[in-house]
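Accompanying notes for the structure given below.
Given the structure is predicted, the values throughout are model-derived calculations rather than measurements.
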Amino acid sequence: MKNFFSIFCVVLIIFSCKEGKQPILGATNWQKEQNAMFKDASKSPLKDRDRQDFNGLDFFEFDSTFVVKAILKRTPNSKWFKMKRTLNETTDERVYGVLNFKLKGKAYTLNVYQGKELMTKKGFEDYLFLPFLDDTNGDTTYGGGRYIDLRIPEGNTIEIDFNKAYNPYCAYNEKFSCPIVPRENYIDIAVKAGVKEFKK
């Protein structure tokens with residue numbers, strides 16, 4: 001009887017621990033990765049009080065029509081310029097190239113950027129930065145626009161997955177300094193994909 005009671009207690013403890021650990025939410029692997037990062041105190045941009053009550057980011061439902069193939073026209077002679085950031089800061093950036101693509105049957109172009117300092121860091125040598133504005137900003141998405149991470153392709157085509165569009169960190173915490181999306185990177189369509197506006 002004593003052994004049975006001991007085993008019962010161990011089983012009860014195990015189940016209690018499992019119940020206390022919330023599963024990582026997300027309909028795609030990328031969404032799960034984002035939610036896991038936001039829960040992690042060492043990586044999360046959230047304020048402590050917001051992270052304590054955090055269950056998951058609000059995403060649009062995955063939409064394959066927002067995954068497009070773009071033609072990359074490189075601009076090797078583009079000059080470095082000071083990209084404005086929040087908190088009155090700047091970083092040296094250049095237009096690496098122009099992306100031409102179709103979305104919902106309409107043709108669009110966006111500039112894709114390369115950071116002078118970031119490209120010297122390990123793991124970011126081929127990193128490209130795609131900030132953009134669209135017709136959801138200030139309504140269902142962050143008013144300052146969103147970002148997409150890309151990598152330099154071997155050829156002249158590159159996939160843009162707007163389902164991976166995310167908010168700048170300053171949308172969650174004003175202590176972060178974030179690149180301000182250039183006005184020329186506005187596309188006149190409601191990109192209902194990716195991360196929605198963060199509601200505190």
Side-chain angles (χ1 to χ4, degrees), residues 26-38 45 57-78 80-81 83-85 91 93-116 118-119 121 123-172 178-198:
T28 67
N29 288 336
W30 183 82
Q31 290 181 7
K32 290 177 182 177
E33 289 170 3
Q34 293 296 303
N35 282 335
M37 182 186 69
F38 271 71
L57 294 170
D58 193 7
F59 299 95
F60 288 100
E61 186 175 344
F62 179 85
D63 187 342
S64 61
T65 63
F66 283 108
V67 182
V68 298
K69 290 287 185 183
I71 302 297
L72 171 63
K73 183 179 180 182
R74 289 173 170 81
T75 53
N77 298 319
S78 61
W80 297 102
F81 71 96
M83 179 177 279
K84 293 182 180 180
R85 301 173 68 95
T91 53
E93 307 277 340
R94 71 175 177 184
V95 177
Y96 180 85
V98 179
L99 299 172
N100 297 278
F101 59 94
K102 283 189 175 182
L103 200 55
K104 304 290 186 179
K106 187 175 179 181
Y108 293 100
T109 61
L110 288 172
N111 291 336
V112 65
Y113 301 89
Q114 186 176 44
K116 193 174 188 178
L118 192 59
M119 65 187 290
K121 294 184 178 181
F124 289 91
E125 298 90 347
D126 64 343
Y127 175 79
L128 295 176
F129 175 54
L130 179 61
F132 71 97
L133 300 160
D134 71 276
D135 287 346
T136 64
N137 301 151
D139 181 17
T140 52
T141 65
Y142 179 61
R146 291 177 292 167
Y147 307 155
I148 296 175
D149 298 328
L150 297 175
R151 297 284 176 173
I152 296 173
E154 291 185 4
N156 295 322
T157 60
I158 191 168
E159 182 180 271
I160 307 174
D161 187 352
F162 286 96
N163 294 284
K164 295 181 178 179
Y166 63 92
N167 295 325
Y169 277 7
C170 50
Y172 308 98
C178 302
I180 297 172
V181 182
R183 286 299 308 172
E184 59 264 29
N185 262 30
Y186 163 71
I187 51 177
D188 61 346
I189 187 174
V191 180
K192 296 181 179 180
V195 180
K196 294 184 180 181
E197 182 180 15
F198 180 64

_Are Ile187 and Lys106 packed together at the side-chain level, in the sense that at least one heavy-atom pair is separated by less than 4.5 angstrom?_
no
*With sequence neighbours excluded, what pairs up with Tyr142 under the ring-ring contact (aromatic ring centres under 6.0 Å, His included) test?*
none
*Compare every heavy atom of Glu154 with every heavy atom of Arg74, then report the nearest pair and how far apart it is.*
NH2-O, 4.4 Å
_Run the side-chain contact (heavy atoms from CB on, under 4.5 Å) test on Phe198 and Asp58 for me, step by step, so that the C-alpha distance in whole Å, both residues' side-chain angles and the decisive distance to 0.1 Å come before the verdict._
CA-CA 7 Å; Phe198 180 64; Asp58 193 7; over 6 Å; no
*Can any side-chain N or O of Asn163 pair as donor or acceptor with the backbone N or O of Phe62 at less than 3.5 Å?*
no
*Could you go step by step and tell me if Leu72 and Thr157 meet the side-chain contact (heavy atoms from CB on, under 4.5 Å) rule?*
CA-CA 6 Å; Leu72 171 63; Thr157 60; over 6 Å; no
*For Lys121, enumerate each residue passing the salt bridge (charged side-chain N to carboxylate O under 4.0 Å, His left out) test, keeping only those at least two apart in sequence or located in another chain.*
none
*Using the test salt bridge (charged side-chain N to carboxylate O under 4.0 Å, His left out), find all partners of Asp63 that sit at least two apart in sequence or belong to another chain.*
Lys104
_For Tyr96, all residues meeting ring-ring contact (aromatic ring centres under 6.0 Å, His included), sequence neighbours excluded_ = none
*Applying salt bridge (charged side-chain N to carboxylate O under 4.0 Å, His left out), name anything that partners Arg85, two or more places apart in sequence or on another chain.*
none
*asked:* Holding to side-chain contact (heavy atoms from CB on, under 4.5 Å), I want the full list of residues that pass it with Arg151, two or more places apart in sequence or in another chain.
replied: Asp126, Tyr127
_Closest non-hydrogen atom pair, Phe101 against Leu99_ = CD2-O, 3.9 Å
*Apply side-chain contact (heavy atoms from CB on, under 4.5 Å) to Asp161 and Ile148, showing your working.*
CA-CA 8 Å; Asp161 187 352; Ile148 296 175; over 6 Å; no
*How close do Gly115 and Trp80 get, heavy atom to heavy atom, and via which atoms?*
C-CZ3, 4.0 Å
_Partners meeting ring-ring contact (aromatic ring centres under 6.0 Å, His included) with Phe38 (sequence neighbours left out)_ = Phe54, Tyr172
Under 3.5 Å, which donor-acceptor pairs do the side chains of residues 28-37 form with other protein atoms, sequence neighbours left out?
{"residue": "Thr28", "atom": "OG1", "partner": "Gln31", "partner atom": "N", "Å": "3.2"}
{"residue": "Gln31", "atom": "OE1", "partner": "Ala27", "partner atom": "N", "Å": "2.8"}
{"residue": "Asn35", "atom": "OD1", "partner": "Leu57", "partner atom": "N", "Å": "2.7"}
{"residue": "Asn35", "atom": "ND2", "partner": "Leu25", "partner atom": "O", "Å": "2.7"}

*Is the number of heavy atoms from other residues, nucleotides or ligands under 6.0 Å of Lys196 NZ greater than 12?*
yes
_Residues forming a side chain to side chain donor-acceptor pair (under 3.5 Å) with Tyr166, sequence neighbours excluded_ = Asp149
*Heavy-atom side-chain contact between Val181 and Tyr186 under 4.5 Å*: no
_Pairwise side-chain contact, Val95 with Val112, heavy-atom cut-off 4.5 Å (strictly under)_ = no
*By side-chain contact (heavy atoms from CB on, under 4.5 Å) - contacts of Thr136 (at least two apart)*: Asp134, Thr140, Thr141, Arg146, Ala190, Lys192
_Donor-acceptor check, side chain of Glu159 to backbone of Lys69, threshold 3.5 angstrom: yes or no?_
no
*asked:* Would Phe132 and Phe162 count as a ring-ring contact (aromatic ring centres under 6.0 Å, His included) here? Give the steps.
replied: CA-CA 10 Å; Phe132 71 97; Phe162 286 96; 5.3 Å; yes
*For Glu184, side-chain contact (heavy atoms from CB on, under 4.5 Å) partners two or more places apart*: Asn111, Tyr113, Pro182
_Closest non-hydrogen atom pair between Gln114 and Glu125, with its separation_ = NE2-O, 4.1 Å
*Residue list, salt bridge (charged side-chain N to carboxylate O under 4.0 Å, His left out) with Asp139, at least two apart or on another chain*: none
